[in-house]
K.L.:
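Handing you this structure, nothing more for now.
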Protein chains: 4
Amino acid sequence: MVEAGGVAAERLKSFIERIERLEEEKAALAADIREVYSEAKGAGFDTKIMRQVVRLRKMDETDRQEQETLLDVYKQALGLLG
Amino acid sequence: MVEAGGVAAERLKSFIERIERLEEEKAALAADIREVYSEAKGAGFDTKIMRQVVRLRKMDETDRQEQETLLDVYKQALGLLG
Amino acid sequence: MVEAGGVAAERLKSFIERIERLEEEKAALAADIREVYSEAKGAGFDTKIMRQVVRLRKMDETDRQEQETLLDVYKQALGLLG
Amino acid sequence: MVEAGGVAAERLKSFIERIERLEEEKAALAADIREVYSEAKGAGFDTKIMRQVVRLRKMDETDRQEQETLLDVYKQALGLLG
DNA sequence: GTGGGTTTGTGGCACC
DNA sequence: GGTGCCACAAACCCAC
């Protein structure tokens, strides 16, 4: 990037602008998601729990069960269960 | 949400699926962005600096005046100016 | 803060330095915590689960059970249980 | 960790409690910091700007040179300089 | 109660 | 292949 008025600068500008365009779209989707949560909240659902559910559903079923099992073991060891 | 097999459950499922669909699209855009950075890196650019540039350009749109005020205060209070 | 060389500037500088001192100590503790996790990991424990446990123990017992119950309800509605 | 009542459980409990003790101290420091900000606010200072100052002073210690390089690249590539 | 800001937790990335 | 780092996303907290 020594040649600021040259082709490298143009190339960089192009990359930056592509990124900015994509980030704009991403931000729009994030706003949409917030809106759905807001709507759900208005319908009486607990959005924090909903986020946990979304996270869980994203996980592989095997991994999910392994994690839950391990968490139970740790809980038991700490007296948080039983 | 007492009636887990009832209409509330259906409504919840609908919200969750809308969110998941939107998050899928968001993840795709995030992947696109990573790819642009990767391409830029292949062209010899420093992606970490690029990220800072993107951040600065975003900041400038919103907080430029605050930042300048801050800079003055900081410089003055720390004796870095006059 | 109009009088940059005056008493207000001195006062500000004092506040800033007190904050920085405290943040230094806070950062040191954060490092200590990371180290304990690292040690636990070396002993074969799963640090991600440990973090969950720490979070759970911080919560009020009543709240914790309510959350778990609600999560189960939502899971059932989504077919993540039973 | 199969032996929840055994030595592994004891070891885990020990780790968790060390972490909790450290986090307690960390939380106390965070409270102290909030209090200093509050005191500064009472003295007429703008705490948001103060936070920015603290952040800048921290950055300057580590990343000042990178930042300056970045600024040049940004200005040049975007035609804000020369 | 809602929004903004800060902080914490998670995932991706580079280096070893 | 694992480990530390950095950026992003989520959770928390405060102010309004």
Side-chain angles (χ1 to χ4, degrees), chain A residues 19 22-23 26-27 29-39 41-42 44 46-56 58-60 63 67, chain B residues 19 22-23 26-27 29-42 46-56 58-59 62-63 66 70, chain C residues 19 22-23 26-27 29-31 33-35 37-42 44 46-56 58-60 63 67, chain D residues 19 22-23 26-38 40-42 46-55 58-59 62-63 66 70:
Chain A
I19 289 163
L22 291 166
E23 293 214 332
K26 189 155 75 86
L29 282 169
D32 290 346
I33 292 168
R34 273 197 303 277
E35 196 177 348
V36 176
Y37 275 117
S38 175
E39 193 183 337
K41 182 175 184 169
D46 183 320
T47 59
K48 184 176 173 182
I49 304 294
M50 285 178 67
R51 287 177 193 275
Q52 287 186 253
V53 169
V54 169
R55 213 181 308 132
L56 287 175
K58 218 182 311 192
M59 291 177 62
D60 182 291
D63 293 346
Q67 291 230 355
Chain B
I19 288 162
L22 291 166
E23 292 215 331
K26 188 155 76 85
L29 282 169
D32 290 347
I33 291 168
R34 274 198 303 278
E35 194 177 350
V36 176
Y37 276 117
S38 174
E39 191 183 339
K41 179 175 185 169
D46 183 320
T47 59
K48 182 176 175 185
I49 302 297
M50 284 179 67
R51 287 179 193 274
Q52 291 184 263
V53 170
V54 169
R55 209 181 314 134
L56 278 180
K58 198 171 1 182
M59 276 176 37
T62 55
D63 296 325
E66 257 184 38
L70 148 75
Chain C
I19 289 163
L22 291 166
E23 293 215 333
K26 190 156 76 85
L29 283 170
I33 291 168
R34 273 198 303 278
E35 196 177 348
Y37 275 117
S38 174
E39 193 183 337
K41 181 176 185 168
D46 183 320
T47 58
K48 185 175 173 183
I49 304 293
M50 284 178 67
R51 288 177 193 275
Q52 287 184 253
V53 168
V54 170
R55 214 180 308 134
L56 286 174
K58 220 181 310 191
M59 291 176 62
D60 181 290
D63 294 345
Q67 291 231 355
Chain D
I19 289 163
L22 291 165
E23 293 213 332
K26 188 156 75 84
L29 282 170
D32 290 346
I33 291 168
R34 273 197 304 277
E35 195 176 349
V36 177
Y37 277 116
S38 174
K41 180 175 186 169
D46 183 321
T47 59
K48 182 177 174 184
I49 302 297
M50 284 178 68
R51 286 178 193 275
Q52 291 183 263
V53 170
V54 169
R55 210 180 312 135
K58 194 168 9 178
M59 276 177 38
T62 56
D63 296 326
E66 256 184 40
L70 149 73

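These numbers come from the heavy atoms of this one structure, side chains and all, not from hydrogens, waters or symmetry mates. Chain letters run A, B, ... following the sequence lines, proteins first and then strands; every chain starts at 1.
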K.L.:
To the nearest angstrom, how far is C/Gln52 atom CD from E/dT8 atom P?
P.N.:
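Result: 18 Å.
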K.L.:
With nearest nucleotide decided by heavy atoms, which residue, D/Lys41 or C/Arg34, maps closer to the 5′ end of DNA chain F?
P.N.:
C/Arg34
K.L.:
With nearest nucleotide decided by heavy atoms, which residue, C/Arg55 or D/Lys48, maps closer to the 5′ end of DNA chain E?
P.N.:
D/Lys48
K.L.:
I need the CG-C1' distance between D/Asp46 and E/dG4, as an integer number of Å.
P.N.:
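Atom-to-atom, D/Asp46 to E/dG4, this comes out as 14 Å.
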K.L.:
Using every non-hydrogen atom in the two residues, find where A/Tyr37 and A/Thr47 come nearest and quote the distance to one decimal.
P.N.:
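For A/Tyr37 versus A/Thr47, the nearest heavy atoms are O-CG2, 3.4 Å.
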K.L.:
Can you tell me how far P of E/dG9 sits from CE of C/Met50, to the nearest Å?
P.N.:
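Nearest whole value for this atom pair: 13 Å.
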K.L.:
I want to confirm an ordering. Mapping B/Tyr37 and C/Ser38 to their closest nucleotides on DNA chain F, which one lands closer to the 5' end?
P.N.:
C/Ser38
K.L.:
How close do B/Glu23 and A/Val54 get, counting heavy atoms only, and between which atoms?
P.N.:
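The pair with the smallest heavy-atom distance is OE1-CG1, 3.8 Å.
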K.L.:
Tell me: CD1 of B/Ile33 to P of E/dC13, nearest whole Å?
P.N.:
12 Å
K.L.:
Could you check how far CD1 of A/Ile49 sits from P of F/dA11, rounded to whole Å?
P.N.:
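Result: 10 Å.
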K.L.:
Quick one: closest heavy-atom pair of B/Ile33 and A/Lys26, and the distance?
P.N.:
CD1-CE, 3.7 Å
K.L.:
Send over the distance from C/Asp63 CG to F/dC12 P, rounded to a whole Å.
P.N.:
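Computing the C/Asp63:CG to F/dC12:P distance gives 11 Å.
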K.L.:
Whole angstrom is fine here: how far is it from CD1 in A/Ile19 over to C1' in F/dC8?
P.N.:
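From A/Ile19 CD1 to F/dC8 C1': 15 Å.
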K.L.:
Heavy atoms from C-beta onward define the side chain here; which of E/dG9, E/dT8, F/dA11 lies closest to that of A/Arg51?
P.N.:
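Among the listed nucleotides, the one closest to the side chain of A/Arg51 is F/dA11.
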K.L.:
Taking atom C1' of F/dC8 as reference, at what distance in whole Å does atom CG of B/Leu29 sit?
P.N.:
15 Å
K.L.:
Nearest 0.5 angstrom please: D/Met50 CE to B/Leu70 CG, how far?
P.N.:
12.0 Å
K.L.:
For D/Lys26, report the nucleic acid contact type (base, sugar-phosphate, nothing); a contact means any heavy atom under 4.0 Å.
P.N.:
sugar-phosphate
